[in-house]
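Residue numbers begin at 1 in each chain, while the letters A, B, ... track the order of the sequences.
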Amino acid sequence: MPAPATILDTVLLKVASRCNLNCGYCYVYNMGDEAWRFQPKRMSASTAAAVAEQLGEIYLAQGQPMSVVLHGGEPLLLGQARMAELLAILRAKLPHPCGIHVQTNGVLLTDALIDLFVAYDVGISVSIDGPAHVHDRFRNDHVGKGSHARVIAGIRRLQARSDAKPLFAGVLAVIDPQSDPAEVYESLKSTGAPSLDVLVRDGNWDVLPFGKATPASIEYGRWLSRLLEIYLADPAPPRLRLFDDMLRLLLGGRSQKEGVGTTDYGILVIEPDGRIDKNDTLKVAHANADRFDVDLNVHTVRIADILASQDYDAYYRQQRPTASACLSCSNLAVCGGGMVAHRWSEDRSYNNPSIFCADQMHLISRMRELLEAADSFPLKEVA
Amino acid sequence: MTIQPRKVPQPIPNNSSCIELPISQSAALARLVDEVRNRDGCDAPTAYNRTYHRHNR
């Protein structure tokens, strides 16, 4: 079996480089990286075939399943015909238990596309930030019109299909720390999604995240702690991925998503033209932070060779925090040092705690308090 | 293992419309404890099923 550092776990397939929305906080378009301008609008059939061929070979060679996430931009801009071709070839090369997922804003979700997702067993996650007045503050289209009503219509279309019910994976919300967590929770739960997840707004030590006054302030920590209390008090809760991962670690279990805990994952991004990049969230650090040292493309390079390269190894190891404050912290096993991009500063590169360190400390402290109060749930010592 | 004195479960203050539960009756927490104790420390569905992928977006 290959070494863990060379196992490809998740491939983000950027099937469309443009988006029908223009969310104010988007890390792809509105954080200084302009690389999308030089990409074709959609992934071609020949690129899709090259990607599927190579991923299929890696799956067989590594003996462990991988997950492909259709992403963008807005992946549904690929269109129905090209989506059908893409899913057919991907699923042929990546049978179960490999996962195929789509992360969409939901606006373009049609019955014809849902038919395809049912046929190829594609999990669907929809981005929505909460009630209309929260969501529409930032998730607008290119003429500034809020998208909430159209997103809800897409979700309702999905829910109206009994055959698609198992595919509705969840909803994903970006936090507005000035919003009411209770209102957001109830709104997200009311979508009927089986799983919720929340993301902090992006930032780093040089560009503070929206709503965060100083590195030491805990606006997000307070917001998340309140959401945690609401979640744990809900007698019929959906899943809440971030909290489930963190609480599972505190209870002695394992986490499942990147940016939580200390498990490293092999994640690559493939752009519409076939270019192979590092995790796209690195764009949050600085322009081109997600690029390898040399241009790599599925049409000219074997992905398996990239996985065995020193450049990839350095990128993989970058997930591990290096700041002395992290390495001596009792919460490291839970926060894992946070997302790599959130550690960035011009002066010290990634050798910092997360810019959300104080928020994470506040949240984990609240988790520990609540677990200790629940005497039937012994708290696992993690360090 | 050190035996900790029993603590009185505290209700979680909640101004949402969700019904309040004491933490010891938390459905979300009970679900996670069951997974960790009985399902190898992790929810049975893996990152490769329909529900989860790892990418944090």
Is there side-chain contact between A/L251 and B/E35, with heavy atoms separated by less than 4.5 Å? no
Provide the closest heavy-atom pair for A/P235 versus B/A27 in the form atom of the first, atom of the second, distance. O-CB, 3.7 Å
So which part of A/Q103 gets closer than 4.5 Å to some heavy atom of chain B, the side chain, the backbone, both or neither? side chain
What part of A/P181 is in contact with chain B, defined as an atom under 4.5 angstrom from a non-hydrogen atom: side chain, backbone, both or neither? neither
Between A/L172, A/I267, A/V69, A/L247, who has the most heavy-atom pairs with chain B when the cutoff is under 4.5 Å? A/V69
Flag the pair B/H55 / A/H101 as yes when their ring centroid distance falls below 6.0 Å, and as no otherwise. no
Heavy-atom pairs under 4.5 Å with chain B, option from A/V260, A/V68, A/D280, A/V174 with the top count: A/D280
Side chain, backbone, both or neither: which part of A/Y231 has a heavy atom under 4.5 Å from chain B? both
If you look at every heavy atom in A/L232 and B/A28, which pair is closest and at what distance? CD2-CB, 4.0 Å
With rounding to the nearest 0.5 angstrom, report the CE to CG distance, A/M367 to B/L29. 10.0 Å
Contacting region of A/D245 [heavy-atom separation from chain B under 4.5 Å]: neither
